Amino acid sequence: MVLLTPGQPPPDDYYRANFQEVLDFVSTCYDSALQRCDRRYMAAFREVPVTAQRLLVRLFMRRGPLFRMDKLAYPEVGDTTVAVASLVDAGLLVRHPATAADRVLGLLTRQELIQQFPFSAAQLGRAVRRGELEAAILAANTDRRLRAQLATYITWLELNGGRSLERLLLLCFGTTRQDLSAFVLRDLGMQRYETYPLGHAGGFADAATVDRHLAISALEDWLPRLPHITGLHVALLGRLSQADEFRPTERRRSRLLNELGRWHERRGDPDRALACYGISRRHPARERCVRLLRRRNCAGDLAAADALLEAMQAAPWCAEEQTFASRQGGKGRRQAAPATACLPMSDPGLEFTAGAVERMALRELAAGGAWGIHVENALPLGLTALAYWDVLFAPVAGAFTNLMQNGPHDLFQEDFAHVRRSVIDLCRRRLRMLDDPGALLLRRLEAKSGIACALCNWRVLSPEAVGRIVAAMPRSHLLDLVDTVIEAPYRWRTGFPDLFVVHASGGYEFIEVKGPADQLQPQQRAWFDRLHRLGLHASVRRYHA
DNA sequence: GTCCATATGG
DNA sequence: TTCACACCCTCCG
DNA sequence: GAGGGTGTGTCTCCATATGGACTG
Ligand SMILES: [Mn+2]
Ligand SMILES: [Mn+2]
């Protein structure tokens, strides 16, 4: 059933109904995480006429935070003025809020600015850039005066709900990355979603958890402004200093700390960098600490670095950390170098744009009668999803707490396999009992293709590609590959060789293509090591200048 | 008139 | 808002 | 060549409209 068609107007009540779905979901599943003001907001929304509700939801989907009333025209709303009046009366919209004048000026085009402020424009000449004109206008007038003048030209509006909308959307989707447009994608048929067992236990437990998550998320927007605002880093660190008990929030917090630490490193402030990494709980914080301590080399630094390495080896946060620790600790077992073919480039004038070397390699291989595709990580991840689909969407406490999820919340957490031990084992035994697991994968592909899945890139996982893969890979190779990934999706999510190739002989091979200035990265080494141990065919194809 | 970034909407 | 890589550097055998 | 550091392209769905900056 297709609800929407691109270019065709949706049903009159379409967008409003989407928001209603959000409200229904949140009231049903997350009533305990709502604040009093959120409930008031929802009540106010219910009270206004349907046409006003429709307009408000249209505004939810637009950029904001200010809107020009003369730019609002929706057939399903009817008279915009009437709807706006209802919304203003209900306190859902504010008319002419005392916003900083530069925000209001931003609603006018360059042409309109010249019209409205002919004096400033005349002083700067006809070729004046928009930004300069705006600056001149701001310099010549007080905010108050500017707003008074602009109010005679346009009506501007602002959403008035505090952060209630943000909280409702976060409770609905469980992430700040999705918003109401997810409904549109779903109803266009762009995304389908698996039906999974919803349970709100393990999601946001209370209003405070929601607010902490939003507060941490909001800090992300400040990172790019670090170089321009003095003292910003102090404020950020202050807000990030408290570890969070809610896992998704803690994850973001630590990620931000790592970024802040990198920024300090780059500007040559190892002490502050260490302070950031020191309270982060995510890779690569401890690796950075070891490097920084060794470089700084003040009294006790080397011993501290060694102690840290020992802690990492004793209880690594993830596989990458473990690799780092054993290497730095000098106990790194030297991995056998993967089979490598060194060749001259068939196209010496090649421009090194994205994917160019891989395409060249595919052309050469095709000339030798081989078939191949450039899929990288999408291959092992996608095959694993097809093989272990039921594990991905298995009912696990806290894994599915929101609408339109593309997988369990904990897919990339270290204990993914641990908490699914029995269902993985059961699924593996079933796979191993099949004579032709490839056939199952193809049936799954047919059934599930297009369903949003964090491990699946359906564009590269075509029936042809999967067909070629399962036809060329021996049964045991296929099973060993997916068994590897399902045991540690986070560890094996990156570093897989570039190409899947079926040679003219019928034999398959995974090939990592390397240009003259490229080399195997640690994650790629880890995959080669694993593939080698399992007896899967993989090699490096290196081009020299 | 071209090129580009951004906003919008199905 | 990630992953892979181009391009730069130093160190070392 | 190994290994580290830094910056970049590509991708989030696709088509269309708008506006700003630049060009000859
Ligand atoms: Mn690659
Ligand atoms: Mn490569």
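Bear in mind the structure is a predicted one, so any value in this text is a computation, not a measurement. Letters A, B, ... mirror the listed sequences (proteins, then strands); counts begin at 1. Values below: all heavy atoms of this structure, side chains included; hydrogens, waters and symmetry mates excluded.
Checking D:dT12, C:dC3, C:dA6 against every side-chain atom of A:Asp518, the shortest atom distance belongs to C:dA6. Taking the side chain of A:Met190 as heavy atoms from C-beta on, and the options D:dC13, D:dG3, D:dG7, the nearest nucleotide is D:dC13.
When the side-chain nitrogen and oxygen atoms of A:Arg459 are compared with OP1 and OP2 of D:dC13, none of them lie within a distance under 4.0 Å. One finds a side-chain N or O of A:Arg266 lying less than 4.0 angstrom from the OP1 or OP2 phosphate oxygen of D:dG7. Remark: A:Arg493 is not in phosphate contact with C:dT2, judged by side-chain N or O atoms under 4.0 Å from OP1 or OP2. Between A:Arg542 and D:dG1 there is no side-chain N or O to OP1 or OP2 distance below 4.0 Å. Within the 4.0 Å cut-off from OP1 or OP2 of C:dC5, at least one side-chain nitrogen or oxygen of A:Gln524 is found. Between A:Tyr14 and B:dG9 there is no side-chain polar atom (N or O) within less than 4.0 angstrom of OP1 or OP2. The phosphate of C:dT2 (OP1 or OP2) has no side-chain N or O of A:Gln523 nearer than 4.0 angstrom. A:Arg252 has no side-chain polar atom (N or O) that falls below the 4.0 Å cut-off from OP1 or OP2 of C:dT1. For C:dA4, the OP1/OP2 oxygens have a side-chain nitrogen or oxygen of A:Asn377 closer than 4.0 Å.
To the nearest angstrom, P of D:dC14 lies 16 Å from CG of A:Leu4. Separating the CD atom of A:Glu320 from the C1' atom of D:dG4 is a distance of 16 Å, rounded to the nearest angstrom. The CD atom of A:Glu358 sits 12 Å away from the C1' atom of C:dC3 (whole-angstrom rounding). As rounded to whole Å, 12 Å separates atom P of D:dC14 from atom CG of A:Leu188. Across the protein-nucleic acid pair, A:Arg255 atom CZ and C:dT1 atom C1' stand 9 Å apart, rounded to whole Å. Atoms CG (A:Leu185) and C1' (B:dT8) sit 14 Å apart, rounded to a whole Å. Rounded to a whole Å, the CZ atom of A:Arg295 is 12 Å from the C1' atom of D:dG3. Distance CZ (A:Arg63) to P (B:dA5): 16 Å, rounded to an integer number of Å.
At a threshold of 4.0 angstrom between heavy atoms, the contacts of A:Glu512 are confined to the sugar-phosphate backbone, with no base atom among them. As judged by a 4.0 angstrom heavy-atom cut-off over every strand, A:Gly495 is placed among residues touching the sugar-phosphate backbone only. Residue A:Tyr74 is in sugar-phosphate contact alone, with no base atom involved, counting any heavy-atom pair closer than 4.0 Å across all strands shown. A:Arg262 comes within 4.0 angstrom of sugar-phosphate atoms only, judged by non-hydrogen atoms across all strands, and of no base.
Both distances falling under 3.5 Å, in either a Watson-Crick or a G-U wobble arrangement, place D:dT6 opposite C:dA6.
Nucleotides D:dG9 and B:dT6 place their P atoms 15 Å apart, quoted to the nearest Å. Nucleotides C:dT2 and D:dC14, compared at atom C1', are 22 Å apart to the nearest Å. If you take atom P in B:dA7 and the same atom in D:dT8, they sit 22 Å apart, rounded to whole Å. Straight-line distance between the P atoms of C:dC5 and D:dC11: roughly 15 Å, to the nearest whole Å.
The side-chain hydrogen bond (donor to acceptor under 3.5 Å, both in side chains) search around A:Glu250 returns A:Arg253, A:Ser254, not counting sequence neighbours. Evaluation of the ring-ring contact (aromatic ring centres under 6.0 Å, His included) rule for A:Tyr153 yields no partner, not counting sequence neighbours. Residues meeting the salt bridge (charged side-chain N to carboxylate O under 4.0 Å, His left out) test with A:Asp221, sequence neighbours left out: none. Not counting sequence neighbours, A:Asp179 has no partner by the salt bridge (charged side-chain N to carboxylate O under 4.0 Å, His left out) test. A search for salt bridge (charged side-chain N to carboxylate O under 4.0 Å, His left out) contacts involving A:Glu134 returns A:Arg130, not counting sequence neighbours. The salt bridge (charged side-chain N to carboxylate O under 4.0 Å, His left out) test applied to A:Glu446 returns no partner, not counting sequence neighbours.
Looking at A:Asp244 and A:His213, their side chains never bring a donor and an acceptor atom within 3.5 Å of each other.
Relative to the six-membered ring of A:Tyr490, A:Arg493 meets both conditions, a distance below 6.0 Å and an angle of at most 45° to the axis.
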Evaluate side-chain contact (heavy atoms from CB on, under 4.5 Å) for A:Ile216 paired with A:Phe246, printing each intermediate quantity in order. CA-CA 12 Å; A:Ile216 295 291; A:Phe246 190 56; over 6 Å; no
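No N or O donor and acceptor, one from the side chain of A:Gln519 and one from the base of D:dG1, sit under 3.5 Å apart.
DNA chain D lies under 4.0 Å from no heavy atom of any residue of residues 172-183 of chain A.
Along DNA chain D, the nucleotide nearest A:Glu265 and the nucleotide nearest A:Asn457 are compared for position; the residue whose nucleotide lies closer to the 5' end is A:Glu265. Along DNA chain D, the nucleotide nearest A:Arg288 and the nucleotide nearest A:Pro516 are compared for position; the residue whose nucleotide lies closer to the 5' end is A:Pro516.
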Using a cut-off of under 3.5 Å, enumerate the N/O to N/O pairs linking the protein to nucleotides 9-12 of chain C.
none

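Ring orientation note: the planes of A:Tyr196 and A:Phe400 are close to parallel, at an angle under 30° on the 30°/60° scale.
Taking the charged nitrogens against the carboxylate oxygens, A:Glu265 and A:Arg291 have no contact shorter than 4.0 Å, which rules out a salt bridge.
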Could you run down nucleotides 17-24 of chain D 5' to 3' and tag each one B, S or - for protein heavy-atom contact under 4.0 Å? --SSSS--
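Residues in residues 247-274 of chain A take part in these ring pair (Phe, Tyr, Trp, His ring centres under 6.0 Å) pairs, two or more places apart or across chains: A:His233-A:Trp263, A:His233-A:His264. For residues 448-460 of chain A, every residue pair satisfying the salt bridge (charged side-chain N to carboxylate O under 4.0 Å, His left out) rule, not counting sequence neighbours, is listed here: A:Glu194-A:Lys448. Applying the salt bridge (charged side-chain N to carboxylate O under 4.0 Å, His left out) test to every pair with at least one member in residues 51-68 of chain A, sequence neighbours left out, gives these pairs: A:Asp13-A:Arg54, A:Arg58-A:Glu76, A:Arg68-A:Asp70, A:Arg68-A:Glu112.
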